[in-house]
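Structure, as structure tokens:
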Amino acid sequence: MKPALLEVMRVNRICRMVLATCLGSFILVIFYFQSMLHPVMRRNPFGVDICCRKGSRSPLQELYNPIQLELSNTAVLHQMRRDQVTDTCRANSATSRKRRVLTPNDLKHLVVDEDHELIYCYVPKVACTNWKRLMMVLTGRGKYSDPMEIPANEAHVSTNLKTLNQYSIPEINHRLKSYMKFLFVREPFERLVSAYRNKFTQKYNTSFHKRYGTKIIKRQRKNATQEALRKGDDVKFEEFVAYLIDPHTQREEPFNEHWQTVYSLCHPCHIRYDLVGKYETLEEDSNYVLQLAGVSSYLKFPTYAKSTRTTDEMTTEFFQNISSEHQTQLYEVYKLDFLMFNYSVPSYLKLE
């Protein structure tokens, strides 16, 4: 490829201003372009002083300005995923950008790693426990070494990780401009079934049963028993779906994060993510992030066989008893996630 063409492509990629919004009495202007900051001394998770990994190159430089001119297949794949998100946001701008203002509360899912210049938007039911463990290792400065030694419940303690909403507006702007931003997504209905199985079929999740189960049964089940109304621990998937598509539910309060849409959790039409990882290629995409961060020599994404994982076959079974009308309404709720992250309409759906 000619150098001039490469330069044009590079400029087009890095010089994008996506958002200028007002937050109360101040203006939040977020620029999305590649930062060419001078090298600074950093400390890796194990306490060894190093200079910005790989000869002072940041993750954004590794991603957008690789030393080798020929882009790898992986780089091309992630460019296609970025373009898919951009094109979907543009084509559905009336829906995807209804709310032009981002508040600090909108940034609470964006975990910040200062040492490696990373921002990770976590999506529940998309390997977020393991990614939070990894972020604890990356930001722990030697406190943690093996992510799988971190208990799952500790990974979800909010004070163990710093999120973007904890910074000042100028600090937020700087990090969104200079740090590599990434998230992981999953086939929307497979993620939804995974959330249902975990939160409503496991007896230990009494907090979800009390807060959501009792409400769902009261609204959706005729002639519910007093015990069911009190415990809320036997919600049927059909009732869960009816609850999600009920207009009253959507007016009442935002969805819980475990079944909230990705575009509502991470705001990809307002925040331009540099990498979109997928649950279907979790290990490869995760290790690519770690490679760009310059830590792949001592840190890998943890893998282990989990026989209880929700599969496409399981999801198909769960949708067999959902009417075509409710399937159509549910698809509309998650339609942007399907389009934005290039998931086709499931073959088992009977859309009206």
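Residues Phe319 and Phe237 bring their aromatic ring centres within 6.0 Å. Ring pair Tyr179/His116: centre-to-centre distance not below 6.0 Å.
Using the six-membered ring where Trp is involved, Phe338 and Tyr331 have ring planes that are tilted, between 30° and 60° apart. Using a 30° and 60° split on the angle between ring planes, Tyr212 and Tyr243 fall in the perpendicular class, above 60°.
Side-chain atoms of Asp115 do not come within 3.5 Å of backbone N or O of Thr139 as any donor-acceptor pair. For Arg57 (side chain) and Asn65 (main-chain N/O), a donor-acceptor pair under 3.5 Å exists by modelled atom type. Under the 3.5 Å distance criterion, the side-chain polar atoms of Asn287 are matched with a main-chain donor or acceptor of Phe301. A donor-acceptor pair under 3.5 Å is absent between the side-chain atoms of Arg133 and the main chain of Met148, judged by distance alone. Between the Asp274 side chain and the Leu63 main chain, no donor and acceptor come within less than 3.5 Å of each other. Gln202 contributes no side-chain N or O that, together with a main-chain N or O of Lys199, makes up a donor-acceptor pair within less than 3.5 Å. Under the 3.5 Å distance criterion, the side-chain polar atoms of Gln327 are matched with a main-chain donor or acceptor of Lys350. Remark: the backbone N or O of His326 is paired with a side-chain donor or acceptor of Ser323 at under 3.5 angstrom. A donor-acceptor distance shorter than 3.5 angstrom exists from the side chain of Asp337 to the backbone of Val262, with no hydrogens or angles considered.
Between Asp285 and Arg81, at least one side-chain N (NZ, or NE/NH1/NH2) sits under 4.0 Å from a carboxylate O, which counts as a salt bridge. Between Glu239 and Lys222 there is no salt bridge, since no side-chain nitrogen of the basic residue lies less than 4.0 Å from a carboxylate oxygen of the acidic one. We find that Arg82 and Asp87 are not joined by a salt bridge, their nearest charged nitrogen and carboxylate oxygen being 4.0 Å or further apart. Salt bridge Arg186/Glu190: present, at least one basic N to carboxylate O contact under 4.0 Å. Using a 4.0 Å cut-off between charged nitrogen and carboxylate oxygen, Lys215 and Glu253 count as a salt-bridge pair. In this structure, Arg219 pairs ionically with Glu252, as a charged nitrogen and a carboxylate oxygen lie closer than 4.0 Å. Remark: Lys203 engages Asp233 in a salt bridge, criterion side-chain N to carboxylate O under 4.0 Å.
How far OG1 of Thr159 is from CD of Gln166: 9.5 Å, rounded to the nearest 0.5 Å. Atoms CG and OH, on Leu292 and Tyr64 in that order, are 10.5 Å from each other to the nearest 0.5 Å. Note that NE2 of His174 is 10.5 Å distant from OG of Ser168, once rounded to the nearest 0.5 Å. Considering CG of Leu138 and CG of Leu161, their distance stands at 10.0 Å, rounded to 0.5 Å. Phe341 CZ to Thr88 OG1: the interatomic distance, rounded to the nearest 0.5 Å, is 8.5 Å.
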**Message:** Using the rule given for side chain to side chain contact (heavy atoms under 4.5 Å, CB included), can you reason through Cys128 versus Tyr120, listing the C-alpha separation, both sets of side-chain angles and the distance that settles it, and then say yes or no?
**Reply:** CA-CA 10 Å; Cys128 81; Tyr120 160 59; 3.5 Å; yes
**Asked** Step by step, would you call Met180 with Glu117 a side chain to side chain contact (heavy atoms under 4.5 Å, CB included)?
**Response** CA-CA 6 Å; Met180 187 176 79; Glu117 298 184 356; over 6 Å; no
**Message:** Applying ring pair (Phe, Tyr, Trp, His ring centres under 6.0 Å) to Trp131 and Tyr122, what does each step give before you reach the verdict?
**Reply:** CA-CA 8 Å; Trp131 256 109; Tyr122 70 89; over 10 Å; no
**Request:** Walk me through it: do Thr281 and Glu284 pass the test side chain to side chain donor-acceptor pair (under 3.5 Å)?
**Result:** CA-CA 6 Å; Thr281 51; Glu284 303 96 302; 5.4 Å; no
**Request:** Mind running side chain to side chain contact (heavy atoms under 4.5 Å, CB included) on Asp246 and Gln220 for me, showing each step along the way?
**Result:** CA-CA 10 Å; Asp246 184 347; Gln220 308 300 335; 3.8 Å; yes
**Request:** In sequence, state the C-alpha distance, the side-chain angles, and the governing distance for Val276 and Val85, and then conclude on side chain to side chain contact (heavy atoms under 4.5 Å, CB included).
**Result:** CA-CA 9 Å; Val276 177; Val85 172; 4.3 Å; yes
**Message:** Test ring pair (Phe, Tyr, Trp, His ring centres under 6.0 Å) on Phe240 and Trp259; report intermediate values, then the result.
**Reply:** CA-CA 11 Å; Phe240 179 53; Trp259 48 84; 5.2 Å; yes
**Request:** List the steps and the verdict of ring pair (Phe, Tyr, Trp, His ring centres under 6.0 Å) for Tyr288 and His78.
**Result:** CA-CA 10 Å; Tyr288 184 52; His78 285 280; 5.2 Å; yes
**Request:** Using the salt bridge (charged side-chain N to carboxylate O under 4.0 Å, His left out) rule, take Lys300 and Asp146 through it: C-alpha gap first, then chi angles, then the decisive distance, then the call.
**Result:** CA-CA 10 Å; Lys300 303 291 182 186; Asp146 182 354; over 6 Å; no
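Of the N and O atoms on the side chains of Asn105 and Thr103, not one donor lies less than 3.5 Å from an acceptor on the other residue. Remark: the Asn256 side chain and the His258 side chain contain an N/O donor-acceptor pair separated by less than 3.5 Å. Counted by atom type alone, Thr310 and Arg197 present one or more donor-acceptor pairs between their side chains at under 3.5 Å. Between the side chains of Asp83 and Gln79, a donor-acceptor pair is found at a separation under 3.5 Å. Side-chain contact, Thr163 with His109: no donor N or O sits under 3.5 Å from an acceptor N or O. A donor and an acceptor atom, one from each side chain of His209 and Lys231, are nowhere located under 3.5 Å apart. Inspection of the Glu283 and Ser286 side chains reveals no N or O donor paired with an N or O acceptor under 3.5 Å. Under the 3.5 Å distance criterion, with hydrogens and angles disregarded, no donor-acceptor pair is assigned to the side chains of Thr328 and Glu325.
In this structure, Lys181 forms no cation-pi arrangement with Tyr273, as its terminal cationic atom is not both closer than 6.0 Å to the ring centre and no more than 45° off the ring axis. Cation-pi check for Lys125 over Tyr196 is not met; the charged atom does not lie both under 6.0 angstrom from the ring centroid and within 45 degrees of its normal.
The side-chain heavy atoms of Leu275 and Val289, taken from C-beta on, include a pair separated by under 4.5 Å. Contact of the Lys236 side chain with the Arg221 side chain is registered, since non-hydrogen atoms from C-beta on lie closer than 4.5 Å.
A side chain to side chain contact (heavy atoms under 4.5 Å, CB included) with Leu102 is found for exactly one of Asn165, Ile172, Ile271, namely Ile271.
Here the closest non-hydrogen pair linking Leu134 and Pro147 is CD2-CG, 4.1 Å. Shown here for Ala224 and Ile217, the closest heavy-atom pair between the two residues is CB-CG2, 3.7 Å. Of all the heavy atoms in Ala228 and Asp234, the pair that sits closest is CB-OD1, 4.0 Å. Shown here for Met340 and Cys89, the closest heavy-atom pair between the two residues is CE-SG, 3.9 Å. Nearest heavy-atom pair across Val137 and Ser145 is CG1-O, 4.0 Å. The minimum heavy-atom distance linking Ser178 with Leu60 is given by the pair O-CD1, 3.2 Å.
Within a 6.0 Å sphere centred on NZ of Lys278, other residues, nucleotides and ligands contribute more than 12 heavy atoms.
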